[in-house]
Amino acid sequence: MKERFWLLDVNYEVKDHNPEIWMWGITEENERILVIDRSFVTYFYLVLDEKEEPEIVLERVLERKKEFPQVMKFEPLRRNLFGKPVDAIKAYCQDPDLVAKYSKALLKIDGVKKCLEDDIRYSMRYLIDNDITPCAWHEVEVERTDEKPPVQIDQVYVATSVPKRVEKEENPSLRVLGFSMICYSERGKPRPEENPVVVLSVATSYGGERLFVVGDHSDKKVIESFIEFVRSFDPDIIIGYGTNRQDWQYLLNRSRALGIKLHVDRTETEPHTSVYGHVSITGRANVDLLDFADEFPEIKVKTLENMADHLGVMKLEKRTIIEDIDFPVYWNDQDKRPILIRFAEENTRCIMGIFEVVRDFALQLSQLVGLPADQIGRAAVGFRVEWYLMRNAYEMGELIPERRERPYIPYEGGTVLEPKPGIHENVAVLDFKSMYPNIMIEKNISPDTCLSPSEPDPPSGVNVAPEVNHRFRKEPSGFYKIVLSSLITSRDEVRQRSKSLDPSGIEYRILDARQKAIKVITNASYGYAGWIGARWYIKPVAEATTAWGRSIIRDTIEIAKHTGLDLIYGDTDSIFVIYDQEKIEEFSKITEKRLALEIKPEKNFTRILFTEAKKRYCGLLPSGQLDIVGLEVVRGDWAEVAKDIQERVLELILKDQSPAKAVKFVHRFILDLRERKILYSDLIIWKTLTKPVEEYAVKAPHVEAAKLLKKEGWDLTVGDKIGYVIVSGSGRLYERVKPYFLATYPEVDIEYYVTNQVIPAASRILSLFNVKEEELLPKSSTTLFSFVDKH
DNA sequence: GCCTGATTTCTACCA
DNA sequence: ACTGGTAGAAATCAGGCG
């Protein structure tokens with residue numbers, strides 16, 4: 001019989017050296033099924049030394065066959081590696097768990113240069129070779145089975161064919177369960193060995209909400225009720241915020257301490273950490289929404305409440321946010337405890353709402369890249385691109401290179417022009433769309449078309465990169481060219497198709513999510529090519545791409561000047577010119593003809609302001625909106641007071657065109673600040689820990705704040721954002737920092753904020769109008785007051 | 001030992 | 001843990017100075 005299913009998750013089991021693929025699916029009838037495939041034999045390659053005769057190496061391998069009882073066959077063949085044919089032996093291995101061991105042993109045989117594809121997990125191998133895609137529909141021939149594996153599922157089948165992809169856009173009706181929890185410790189970070197989970201708040205996609213709160217006894221009941229609820233609701237997807245890093249580990253350790261099995265999967269295992277550090281729950285997709293926060297760079301401090309606020313799920317002003325440090329205060333106070341519980345419930349609602357926003361994108365990205373839904377979020381951009389490439393390499397008969405360490409050698413990037421400082425009226429921004437991917441396509445830049453300096457030019461000819469002189473064969477089309485062209489055309493197709501659809505409909509939303517996913521992968525391809533960790537890394541590939549980019553922008557500037565356009569600024573793939581319809585049209589025509597790349601007007605600014613700095617400007621759009629780029633306003637490491645004042649100054653300069661008003665505004669703002677009329681939270685400075693605190697070479701303020709937190713019992717890891725304020729006192733700045741929730745408003749050194757935050761941010765703009773820093777300080781009696789304040 | 005200017009370290013941005 | 005180019009703050013170094 002035939003079954004049609006949507007692939008949710010995949011894992012494998014090995015029994016007596018015999019592997020089984022387990023595919024967890026959802027049918028069109030909304031049944032949960034498990035399809036078991038026992039037919040797939042995995043393999044890896046031995047790449048042979050070109051100096052040796054392949055037959056002789058094969059003989060040597062076969063002589064030792066007995067040492068590899070699980071290898072069913074050694075098959076000599078030719079394959080391509082970086083576009084060049086190589087002799088290889090394909091070793092078919094019955095037991096996937098022995099691949100690593102066997103390949104290591106076989107590598108020692110004379111004439112075996114290296115082993116490839118021995119680091120690809122059995123379940124991924126199965127998906128790639130059979131073109132099976134997570135989060136997509138497939139059809140498979142199956143038989144019912146009498147076996148009763150210990151699984152929670154409607155139906156178990158054994159596959160008698162390989163699942164085949166079927167075209168169908170919409171997702172099945174997924175059961176989603178979201179949760180958040182609160183752990184109690186009197187002081188510092190809760191430790192699962194001793195501190196209980198006091199609140200566990202759960203919600204489902206059916207609209208149900210449940211709350212498990214600790215009673216008089218231990219939290220055993222809380223966790224047990226949670227497990228029971230998960231099993232009875234039987235979700236396909238479990239969502240949370242920070243669950244990969246925090247919650248699951250805590251629940252696991254806490255369960256262990258309480259003697260409970262955290263049995264929330266569809267078999268009989270517990271959540272376990274897997275590739276990329278994501279937590280895997282067999283038969284379900286465990287999705288941590290924090291992993292998708294990076295898709296929104298506007299969110300600077302990636303807390304659940306900030307993400308919910310930014311995505312319009314739950315506005316911050318409608319909430320009472322409770323800091324971790326205050327949990328015990330709220331928990332121990334009978335009157336305040338309900339507020340804490342409500343906080344947890346709201347967090348879970350935020351989680352449900354955020355998932356609504358990111359769901360389509362996440363599932364489409366999973367489908368495009370081919371990584372299961374629970375892994376895709378956790379996988380870094382480089383790995384997403386790489387999995388996409390690996391699937392394509394398989395299709396093209398290219399061997400997948402191994403991952404290896406390489407020395408880091410920097411190379412030159414894009415060109416940035418000196419801006420013309422000051423205010424300009426009517427400025428047009430022209431840019432090359434997807435410049436790097438298009439250069440790679442146009443010049444056939446690819447790991448497999450790149451010629452080494454010793455190689456002669458092939459008959460079909462070469463493209464030679466300017467400055468760096470790397471050569472790329474013109475024929476045949478390279479791996480990157482093929483992959484990138486198909487990405488770009490498929491995105492165009494998707495966008496074309498969605499044009500005829502109702503933007504509020506489900507199909508439109510899915511197609512829009514898909515085109516976004518395609519865009520993300522396309523735009524990351526150049527970065528991938530220059531990443532030393534990439535399997536397909538070849539420095540000249542990245543270096544040539546930027547070299548051609550520089551020559552293109554150089555030519556573009558020449559054409560612009562020649563056309564008589566007034567050039568204001570430019571960065572990598574764009575130029576800013578004074579608007580002149582006729583000249584721009586002429587310019588575009590010449591550019592496209594000469595450079596074979598499309599340059600398009602991106603936007604027009606009614607007015608735009610540049611300082612002397614590159615990569616920093618503020619433009620006024622015809623809509624009245626400010627487009628602020630690179631300046632303090634858009635940076636996450638300045639206090640809100642600095643950002644606010646700069647934004648107001650920019651508004652008064654660009655809209656009202658009144659530096660005088662702006663100066664006045666700064667005066668008033670400083671007065672308010674000195675009277676502590678500004679919110680305390682606007683004084684917090686946030687900075688990321690980019691390495692363990694002990695490894696810093698200098699005493700930086702945020703590191704010193706982090707050390708204080710550690711002393712208080714909070715453990716911090718790389719990537720954590722430290723929020724601190726500057727308090728009054730003497731000595732270096734780093735001696736006057738306090739984590740914001742350990743300080744009080746009266747302790748704050750307001751003059752630091754005046755001098756080192758507000759004034760510099762305002763002056764950055766106002767110095768263009770010859771306003772001196774001293775003129776930004778309010779005069780009047782307050783000067784005396786501040787003198788008193790300071791001493 | 002203190003001041004000053006130069007250099008290093010650090011983060012977060014832009015394309 | 002995708003790239004290089006860039007700004008800017010703060011720490012730190014190096015050298016002058018009775």
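Numbers restart at 1 for each chain; the letters A, B, ... are given by sequence-line order, proteins then strands. Please read these numbers as outputs of a predicted model, since none were measured by experiment.
- The side chain of Glu412(A) sits closest to dG5(C) out of dC2(C), dG5(C), dG8(C).
- Across all strands shown, Tyr752(A) has heavy atoms under 4.0 Å from sugar-phosphate atoms exclusively, and none from any base.
- Closest contact between the side chain of Trp531(A) and the listed nucleotides dT6(C), dA9(C), dT3(C) involves dT3(C).
- The phosphate of dA9(C) has neither OP1 nor OP2 within less than 4.0 Å of any side-chain N or O from Arg732(A).
- The pair Asp571(A)-Lys614(A) fails the salt-bridge criterion, with no side-chain N (NZ, NE, NH1 or NH2) lying under 4.0 Å from an Asp/Glu carboxylate O.
- Using a 3.5 Å distance cut-off with no hydrogens or angles, the side chains of Tyr696(A) and Thr690(A) do pair a donor with an acceptor.
- For the pair Lys433(A) and Glu598(A), the salt-bridge criterion is not met [side-chain N within less than 4.0 Å of a carboxylate O].
- One finds a side-chain N or O of Asn756(A) lying less than 4.0 angstrom from the OP1 or OP2 phosphate oxygen of dA10(C).
- Residue contacts for Gly382(A): at a heavy-atom cut-off of 4.0 Å it reaches the sugar-phosphate backbone alone, with no base atom in range.
- Each of dG4(C), dA10(C), dA1(C) was ranked by its minimum atom distance to the side chain of Pro410(A); first place goes to dG4(C).
- Among the protein residues, Asp431(A) comes within range of no part of the nucleic acid, since none of its heavy atoms lies under 4.0 Å from any strand.
- Of all nucleotides listed (dG5(C), dT11(B), dA15(B)), dT11(B) comes nearest to the side chain of Thr688(A).
- Taking only side-chain atoms of Arg635(A), from C-beta outward, the nucleotide of dG8(C), dT11(B), dA11(C) with the closest atom is dT11(B).
- In this structure, Glu398(A) does not pair ionically with Arg535(A), as no charged nitrogen and carboxylate oxygen lie closer than 4.0 Å.
- Residues Lys721(A) and Val698(A) both approach DNA chain B. Their nearest nucleotides, taken by heavy-atom distance, put Val698(A) toward the 5′ side.
- When heavy atoms are screened at a 4.0 angstrom cut-off, Ala542(A) is found touching no nucleic acid atom at all.
- Of the candidate nucleotides dA11(C), dC10(B), dC14(B), dC10(B) has the atom lying nearest to any side-chain atom of Lys691(A).
- Across the interface with DNA chain C, nearest-nucleotide mapping of Gln757(A) and Ser525(A) shows Ser525(A) to be the residue nearer the 5′ end.
- Among the nucleotides dG4(C), dA11(C), dA1(C), the one closest to any side-chain atom of Phe383(A) is dA1(C).
- Using a 4.0 Å heavy-atom criterion, one finds that Lys539(A) contacts no nucleic acid atom at all.
- Note on Val703(A): nothing from the nucleic acid sits closer than 4.0 angstrom, heavy atoms only.
- Contact annotation for Tyr617(A): backbone-only contact, meaning every heavy-atom pair under 4.0 Å involves sugar-phosphate atoms and none involves a base.
- Each of Val718(A) and Glu612(A) was assigned the nucleotide of DNA chain C with the nearest heavy atom; the assignment lying further toward the 5' end belongs to Val718(A).
- Arg384(A) comes within 4.0 angstrom of no nucleic acid atom, judged by non-hydrogen atoms across all strands.
- Tyr569(A) comes within 4.0 angstrom of no nucleic acid atom, judged by non-hydrogen atoms across all strands.
- Distances were taken from every side-chain heavy atom of Lys699(A) (C-beta onward) to each of dC2(C), dG8(C), dT12(C); the shortest belongs to dT12(C).
- Here Thr415(A) lies out of heavy-atom contact (under 4.0 Å) with every strand.
- For Arg378(A), no side-chain nitrogen or oxygen approaches OP1 or OP2 of dA1(C) to under 4.0 Å.
- In terms of phosphate contacts, His702(A) brings a side-chain nitrogen or oxygen within less than 4.0 Å of OP1 or OP2 of dT11(B).
- As judged by a 4.0 angstrom heavy-atom cut-off over every strand, Tyr436(A) is placed among residues making no nucleic acid contact.
- Protein atom CG of Leu484(A) is 14 Å distant from nucleotide atom C1' of dC2(C), rounded to whole Å.
- Classified by interplanar angle (parallel below 30°, tilted 30° to 60°, perpendicular above 60°), the ring pair Phe576(A)/Phe610(A) is perpendicular.
- Distances were taken from every side-chain heavy atom of Ala380(A) (C-beta onward) to each of dT6(C), dT12(C), dA1(C); the shortest belongs to dA1(C).
- Among the nucleotides dA15(B), dT11(B), dA7(C), the one closest to any side-chain atom of Val629(A) is dA15(B).
- For the atom pair Phe769(A) CZ and Glu775(A) CD, the distance stands at 13.5 Å (nearest 0.5 Å).
- In this structure, the NZ atom of Lys603(A) is 12 Å from the C1' atom of dC14(B), given to the nearest Å.
- Proximity of Lys614(A) to the phosphate of dT6(C): a side-chain N or O atom is located under 4.0 Å from OP1 or OP2.
- The phosphate of dC10(B) has neither OP1 nor OP2 within less than 4.0 Å of any side-chain N or O from Tyr734(A).
- When each of Arg635(A), Glu632(A), Arg764(A) is tested with Gln646(A) by the rule side-chain hydrogen bond (donor to acceptor under 3.5 Å, both in side chains), just one qualifies, namely Glu632(A).
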